[in-house]
Structures are given as structure tokens and as C-alpha cells.
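Data block below; observations after.
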Amino acid sequence: MKWTKSLIQTLREDPGDAEIDSHKLMVRAGLMKKVAGGLYTYLPLGMRSLNKVQKIVREEMDRAGAQEIVMPILQPAELWKTSGRWESMGPGMFRLKDRASHDYALSPTAEEMVTDVVKSIVSSYRQLPLTVYQIQWKFRDEIRPRFGLMRSKEFLMKDAYSFDTSLEAADASYMAMFNAYKKVFERCGLKAYPVEADTGDIGGKFSHEFHVLAEAGEDGIAFCDGCGYAANLEKAERKVAPRNDAACGEMEVISTPGAKTIEQVSKFMGVPGSAFVKSLVYSVDGTPVMVCVPGDRDVNEVKLKHVLGAKKVELADYETVLKVTGAQPGSVGPVFAANSQLPTPDSLRIIADQELKGAKGCIVGANKDDHHIKNVDLERDAKIADYADLVIVRDGDICAKCGKPMAIKRGIEVGHVFKLGTKYTDAFKAVYKNDQLAEQVMVMGCYGIGVSRTMQAVIEQSHDKDGIVWPASVAPYQVCISLLDPDKEDVAKVAFDLEAALEAEDIDVIVDDRAERPGVKFKDADLIGFPVRVVVGGKGLANGGVEVKRRADDKSKMKLVPVAEATAAIREALGGLA
Ligand code: ATP
Ligand code: MG
């Protein structure tokens, strides 16, 4: 391909709305162009990389035994109503009507549609197990589309769905996808870690997200170097040592005027945040529950939801807090003793984090505005119904598996494998007949890869101050020939002959034949990040050949090779790359 014939636009300036390097670089290198918030046009260079990622995904899905299908993006509302998600997807799902006023959704995912299809074809255990996949555009009305392709409104997803005869059989389908995902990311040159993720209502260990570590990541992940445990912060657990608090004296109410947050009260009293019990009133499926955690910790609402077996948990509104505790948020606590304006409300369930079991001498809100109580012995003075794991783990917390300290890192979720159970097959009555001819519900798994997000994650993980450093497997072109004297026929001939020789070996190559200064060509080649750059110029040829250099190497590694050996040298340079 000739540069002068391709639609490439490189920019010197970062786009104003880009916060992270990969987003800036994708725009500057001319891989994509913004249309509106969360919407992009993939330009030829971006499209080539996207296609390469898709090809890898397709090959690994096929190899794992999954079969490709493609389903409509426009999905009738009836499907979503059958599963109950027409309501529960809320404003995140794009909805529209046809001219006859029928409701549709733009597919944010496709569990409903695939279940409906498979149900209509599969009737016997002999047709199972079955895994189908598609690579299709998805639409989500994200609250904050940002970071370019990382969180866009329209994105390319590979979604696969497995159907099995039993929960046990579904484990094998799950593992096949899990292993295929490892290969996909490896082949894309990405270091992606499988981390345990929240399983929602299914329980068990059968949900893993694949994360690429990056400062820009939106997810927190707890890692243990000791045993390799990795879990999303939504799910991560820690080991808590039993406490051995010294007995404390009688409770004492203290005035803490104007101090609302733990930080303010701890400053006011001159004691560390950990001496406090942080108490929050939640609305749990509409019923108020008080949740107590150590003062220097945050509540993990995902865990809270599971512990309480609730559908929805959210902080209670101001009025509710006032009604159940008699105080404003910031002054509430689990002790409803004589100090409070109210007796302990029988109806108020109070639960506390496991670390608080046996806590003595702590400070709690007094359920009286601007007052706290010190010398609280939780078991003696409060009515805690249950102790459970209710907090978000943090750096240095102890791994529940091996006892070593964990570290918290940031990650970009590029894929997600999930054992679904029968949530959708129940709703759609997707049944098969077993060998006794009895009807059974199929067991499902679902597996997503953000294809466009993965492409950008490669850049986020592999770039330097000059631009992108593509792995050879997903680079728009593997080789860029910088032709320095395009108007000199003999020099140009060397470049185009080399191009033809490389293409004959299935190495894709672009020849920068623009009438530009060498500096401009080198800058652009570095910005776009072609894995291997070959300089063909009159001066070099007079000195004995062409210059071959890998993008990732510095100038000192540049090799001058005779024209006759150039193809072999390029092949070798590419050989060591992913
Ligand atoms: P996230 O937590 O990042 O919002 P999700 O859990 O909603 O993702 P899934 O429903 O599991 O995502 O979708 C499968 C994959 O699709 C994700 O692993 C991610 O790589 C990708 N993805 C999800 N939302 C977006 C988006 N708005 N833009 C680009 N890729 C996305
Ligand atoms: Mg997910």
C-alpha cells in the first residue's frame, strides 16, 4: 500500500477531550475520528487493526468449538420483556419504535435473542453441548462515555453463549472459553489477567473478568503475589485476625459540633479513623438496615447485597435516616441507649463488618445530631444482628487464601466469562429432552470480549513518548518502508520491489512515498507505531543498503542490510515480535 493512496491523517496535537494516552494516540495516529461523544469512525489504519483482532478472536473461538452466527442489532422488545430486562436494563439500553409503533432495543448484549434461537432449534440432549458466538456491534447509553473506545456508546463485542445439559457439563464449556480467552489476549500481545468477579445471583467461582493492568483502568483488582489470587474489588475477600481489644469503661456522650464525616470527627477528637465505627443506613429492597464498618473502611455494596439476599441496596434518603435514628447522617450509630432520643427500634436490623466482632472502646455516632459516644463495647452496648464481610479490601489487606498481603492495581476489563445457570433458559422455557425423554432446562454460559476496547487496551499497554508500539499481530501494517527519495526512480524501485517481496510472504507493508522530509516520515512512522521500519534512500543505498529497525528498539540497534538480504532481515526483525 502506498501512503499517498491511503486515508491517513496524523495530528501533532492531542485531542482536547482525551484523558488517557491510548485515546490520544488513536486519534493522533489517525486510527479513528470522533463523530460525537462515544461514537467514532474507524479510519483505514484503525480498521486494519480491528480486523486483525477480530480474526484472532474468530480463530480461537472456532478452535474452541464455538460456531459463528450473527444476530440482528435491532431486537424486538418482546424478547426483553420475556426476561424482565426491558425494565431492569433501565436507561442504559437504547430503545426505539418502528413505524407501526412496535418497541425495539438496540442490542446491548444478546442473551435473550440467542436463547430464543437455540430453543427453537434444539430439542434433544444429542444436540448439546453447543456454543455459538457472534462479533457484532453493541449499543449502550453509558452514563459517561469516555476514554475513546474504552467506554463508547457503540462498540464491537464478541459475545458467545454456551448451552449444556447440566451445571457440571456447563463447567467444561466455561473452561473451553476461559482457555480460548487466554490465547486471544496472548496473541494480541496483551498481558491479560483472569480475575475472579462477582457472580451476581449465581454464586460460586464461575465468573472471571480478563483485565489488562493500566493506570487508566476503571476497575480495582486485588492481587496476591503469594498465591496468585486475583479478584475484582467488588468481590475480593480478606482475612481478618480476631481482635483482642482491652475492656473499656462506661460509654460517654461527647459533643462534636459541626463534625459530620469520620475525618472531621477524628480530627476534632484527635483519634485515628480506625477507632470509629462508620454507620450508614441503607434501604434494602425498601427496608432500612444499618450497616457498620470500621471508620477507615468503605462499604462494599455488592457484598452487602449478597449478604442480605437483596435485589437492590442503596443509601437511605435523609428523611429515612432521620426517622429511624432520630439524627442526621453523620451522627448515627448502632447504640440506641439512654443517650439517644429514641429507644432501639426493634425493626431496625443492624449488621456489622466481621472486623468489628469484639470491638471495644470504639467511637460511634450517638443518634443525636452533633454527638458521638465513646467507650463503646459493640457486643455490650449495641444490638448487632450479624457480622459479615462487608467492606472493600485495600492495599496491604491479607489474602484470604494464603495469608500474604495483597496489592490493589487498576485494570481495564477486556473480557468476561460467566456461568449463567438457567436465568434465561427458565424465562424462555428453553428445554431439551434427556435420554429418558424427560424435559430439562438447558444451562447457559455467556462470554464477552470487547473487541474495540481490546484494540485500544493494546495501545494503552504498549506505547512510549513517540507513539504506539504495536505488537506485530495486530499492527495496521507490520512494516513501514520510509522511502526518502520518492522522485528518484532507482531508489523508488528498490522500495516497491521490497514491498512486493514482503507481500509475497504475507507480510503487510505500507510505503511512505510522500514528498515529505525524512524527519516527518520518521515521526509519523513512530507515532503510528509500525513494528518494523525500513528506510530506503539514495544515501543508504550508496552506503550499502537499507536500514531496518524495530519500533521498540532504539537507534543503536538499526541495521544496514544489503538490498538482497532485506526481506530476510525484516522477517527476522518481525520474528521475535508477538
Ligand atoms: P464494564 O464493567 O466495563 O461496563 P460490562 O461488565 O458492562 O463492562 P459486559 O457486559 O461483560 O461488560 O460486556 C463484555 C465486554 O464488552 C466487556 O468485558 C468489555 O470489554 C466490553 N464493553 C462493555 N461495555 C463497553 C463499552 N461501553 N465500550 C467498549 N467496550 C465495552
Ligand atoms: Mg463485565
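In each ligand, atom 1 is the first atom listed, and ligand 1 is the first ligand listed. Atoms considered below: every heavy atom in the structure, side chains included; atoms not considered: hydrogens, waters and symmetry mates.
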What atoms of ligand 1 come within less than 4.0 Å of a heavy atom belonging to [X]?
{"X": "E142", "answer": "24 (N), 26 (C), 27 (N)"}
{"X": "G415", "answer": "18 (O)"}
{"X": "E413", "answer": "2 (O), 6 (O), 8 (O), 11 (O), 12 (O), 17 (C), 18 (O), 19 (C), 20 (O)"}
{"X": "L149", "answer": "28 (N), 29 (C)"}

Does ligand 1 have an atom under 4.0 Å from some heavy atom of V414?
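The answer is yes: ligand 1 sits under 4.0 Å from a heavy atom of V414.
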Closest candidate by heavy atom, reference [atom], pool [options]:
{"atom": "atom 29 (C) of ligand 1", "options": "E111, M150, R146", "value": "M150"}
{"atom": "atom 28 (N) of ligand 1", "options": "A457, G217, S152, G38", "value": "S152"}
{"atom": "atom 12 (O) of ligand 1", "options": "R140, H416, R453, M157", "value": "R140"}

Side-chain contact test, heavy atoms from C-beta onward, threshold under 4.5 Å: evaluate it for H23 versus M32 and give yes or no.
yes
Could you check whether atom CG of D62 has more than 12 heavy atoms from other residues, nucleotides or ligands sitting under 6.0 Å from it?
yes
Strictly under 6.0 Å, is that where the ring centroids of W137 and Y42 end up?
yes
May I ask you to check whether Y193 and F223 place their ring centres under 6.0 Å from each other?
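Yes.
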Nitrogen or oxygen atoms of R151 and ligand 1 under 3.5 Å apart:
yes
So, is S452 polar-close to ligand 1, with some N/O to N/O distance under 3.5 Å?
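The answer is no, given that S452 and ligand 1 share no N or O pair closer than 3.5 Å.
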With a heavy-atom distance limit of 4.0 Å, tell me whether T454 approaches ligand 1 through its side chain, its backbone, both, or neither.
neither
Applying ring-ring contact (aromatic ring centres under 6.0 Å, His included), can you list everything that pairs with F210, at least two apart in sequence or on another chain?
F178, Y181, F185
Run Y174 and F206 through ring-ring contact (aromatic ring centres under 6.0 Å, His included) and show every step you take.
CA-CA 8 Å; Y174 182 93; F206 284 92; 5.1 Å; yes
Short side-chain to backbone donor-acceptor contact, R28 and D14, under 3.5 Å:
no
Are D159 and Q134 linked by a side-chain donor-acceptor pair shorter than 3.5 Å?
yes
